[in-house]
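Read through the structure below, which is laid out as structure tokens, and then see the notes.
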Protein chains: 2
Amino acid sequence: MSGRKIISFENIKVACENCSLVSLCLPMGLDPDDVEKLDEIVKRNRPLHRGDHLFREGDKFHSLFVVKAGSVKTYAPSEDGGEQVLGFHLPGELIGLDAIENEEHHCSAKVLETSAVCEIPFTNLEELSSQVPSLQHQMYRLLSREIGHDEDILTLLGKRSAEERLAAFLISLSERFKRRDFSASDFYLSMSRHEIGNYLGLAVETVSRLFTRFQDEGLLKVERKHIQLLDIDRLNNIIQGEERNGNKRQYT
Amino acid sequence: MSGRKIISFENIKVACENCSLVSLCLPMGLDPDDVEKLDEIVKRNRPLHRGDHLFREGDKFHSLFVVKAGSVKTYAPSEDGGEQVLGFHLPGELIGLDAIENEEHHCSAKVLETSAVCEIPFTNLEELSSQVPSLQHQMYRLLSREIGHDEDILTLLGKRSAEERLAAFLISLSERFKRRDFSASDFYLSMSRHEIGNYLGLAVETVSRLFTRFQDEGLLKVERKHIQLLDIDRLNNIIQGEERNGNKRQYT
DNA sequence: CGGGCCATTGACATTCTTCAAAGTTAGTGG
DNA sequence: CCACTAACTTTGAAGAATGTCAATGGCCCG
């Protein structure tokens, strides 16, 4: 009980073993004893607020971060002040994996709404993982998952239709919320239309128009950041390129 | 000397320690002793030919592969017979990292030209890596690099201009050839225009037109698969969005 | 030598971006 | 608590970039 964290109002620190994200996060598949060891190296910082940075591109890499509550976006800033949004991260998702290679952050991470984050010093994690094979395995899995996830996005951006992209984006959010026991069909977007467009490679105006079009077609109800998916099946059809324009997907 | 591989004409097996790719591949940063241990688990298969598959999406995952010579493309097949090209892999590059998570291949890998490939059974690699911290570290770095690389491509596809995409593609190839001591300005494309277009999210015709346009503008010389880059600086300018249309990159 | 795939080119269609403007919302400071 | 500004969102109209269709020629491989 030595390394146990204190619980306070300002800063509710839930040990990994009690965290609702345990099945999504690093401890997955670990023995209780090993979870405890992991727990001891995890730092739980106080809440972050909209606009705060976890890190910026070029910062020295020290820790991985796990979203505990709220949401975070990662993005690659470009010289001219622009940026490319790389991802939106929900509770249970790891951030900073791309920084391991050069011990330097490859992108920036900014908090989209009031959020809680766990910090895992990588040196400690690496050391622990060489002592705990199941943790090493879980690390490999998580890194691999991230690669697979990025490839999924590549496939998404390869599809050209703007409708397909937005539909896929919404379904992705929906499924991720669902796994976290949030509603799969009723949620709030923590990112702006601008950020959605940037992420999907579309102009803001296109995103906005699509939302109203989807609404007109009864696919969803949108009121600013509040989204209600009304016909998830049909959204899935759109992703497949089945709906509309008589499925034209070749690219053999 | 027990596990040493035999050298034959049909199948030139170079031990890791003698491989020219040592600085790009897994052994990077390892002690000679550890390289030897790694060497013992690496399988070196006989040459593969154009069209051969290393694995297909859905195959059970056993091994990672490293391109030793030649080139390989990875792609995600879609139900309707189409596909999304995920990457082109040159000597020294690892393939299959996205399969670790579910022990099942997440994409397919097809050989583009006569190639040589090393196969690394993952179970052995994982076991060895938990005994050799520097190998574990190198594994983390490689996985992390792959994530960073995928993010770079996302950024690339976020740029909308077709010119920027093709220029970035050519520069990427050029730099990768360079690191392998091939010419950075004179090389052959092992992939078809179709595959390039698919990878970049462009129609074949657009790719073809861009090649001729680039040639007309003196940026390069193209003759079927043979490419000679004549003005790498200007290609880099195009990537930055500096050249042409008075740099219009906002997406703040 | 033949067939099929690959590449190129032209003409046309369409989607999406760009530009412009107005309405909304949220946050700030008085 | 209210006024005010800045940022965000929406909508319309026009234009541009890229995709689609179609046809031809060339190359590679069997």
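Every chain is numbered from 1, with letters handed out A, B, ... down the list of sequences.
The separation between A:Ile227 atom CD1 and D:dT9 atom P is 11 Å, rounded to whole Å. A straight line from CG of A:Asp216 to P of D:dT11 spans 8 Å, rounded to a whole angstrom. Straight-line distance from the CZ atom of A:Phe214 to the C1' atom of D:dT9: 17 Å, rounded to whole Å. In this structure, A:Leu202 atom CG and D:dT10 atom P are separated by 14 Å, rounded to whole Å. A straight line from NE2 of A:His226 to P of C:dA26 spans 14 Å, rounded to a whole angstrom. The separation between B:Glu163 atom CD and D:dG19 atom P is 13 Å, rounded to whole Å. With rounding to whole Å, A:His49 atom NE2 is found 15 Å from C:dG27 atom C1'. Atom CG in A:Leu166 sits roughly 14 Å away from atom C1' in C:dC16 (whole-Å rounding).
Judged as a side chain to side chain donor-acceptor pair (under 3.5 Å), and not counting sequence neighbours, B:Ser144 has no contacts. With sequence neighbours left out, B:Glu205 forms a side chain to side chain contact (heavy atoms under 4.5 Å, CB included) with B:Ala203, B:Arg209. For A:Ser208, there are no side chain to side chain contact (heavy atoms under 4.5 Å, CB included) partners two or more places apart in sequence or in a different chain. For A:Ser63, the side chain to side chain contact (heavy atoms under 4.5 Å, CB included) partners are A:Phe65, A:Glu119, A:Pro121, not counting sequence neighbours. B:Arg193 pairs by the salt bridge (charged side-chain N to carboxylate O under 4.0 Å, His left out) definition with nothing, not counting sequence neighbours. B:Tyr188 pairs by the ring-ring contact (aromatic ring centres under 6.0 Å, His included) definition with B:His226, not counting sequence neighbours. In this structure, the salt bridge (charged side-chain N to carboxylate O under 4.0 Å, His left out) partners of B:Asp231, at least two apart in sequence or on a different chain, are B:Arg234. Remark: A:Val111 engages A:Leu48, A:Asp52, A:Leu54, A:Val72, A:Ser115 in a side chain to side chain contact (heavy atoms under 4.5 Å, CB included) (not counting sequence neighbours).
From one end of the helix from C:dC1-D:dG30 to C:dG30-D:dC1 to the other, with five pairs defining each end axis, the axis direction shifts by 60° (rounded to 10°).
With distances taken from any side-chain atom of A:Thr212 to the nucleotides C:dC16, D:dT20, D:dT10, the minimum falls on D:dT10.
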Nucleotide N/O to protein N/O under 3.5 Å, stretch nucleotides 12-15 of chain D:
residue	atom	partner	partner atom	Å
D:dG12	N7	A:Arg209	NH1	2.9
D:dG12	O6	A:Arg209	NH2	3.4
D:dA13	N6	A:Arg209	NH2	3.4

For nucleotides 5-7 of chain C, give me every protein contact, N/O to N/O, under 3.5 Å, one pair per line with atom names.
residue	atom	partner	partner atom	Å
C:dA7	OP1	B:Arg193	N	3.4
C:dA7	OP1	B:Lys225	NZ	3.2
C:dA7	OP2	B:Arg193	N	3.0

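Distances shown here put a side-chain N or O of A:Thr206 below 4.0 Å from the OP1 or OP2 atom of C:dT17.
Sorted by first then second residue, the salt bridge (Lys or Arg N to Asp or Glu O under 4.0 Å) pairs that include residues 87-98 of chain A, not counting sequence neighbours, are A:Glu93-A:Arg176, A:Glu93-A:Arg180.
Taking a cutoff of 4.0 Å between a charged side-chain nitrogen and a carboxylate oxygen, A:Glu83 and A:Lys73 qualify as a salt bridge.
A donor-acceptor pair shorter than 3.5 Å can be found between the side chains of B:Thr74 and B:His89.
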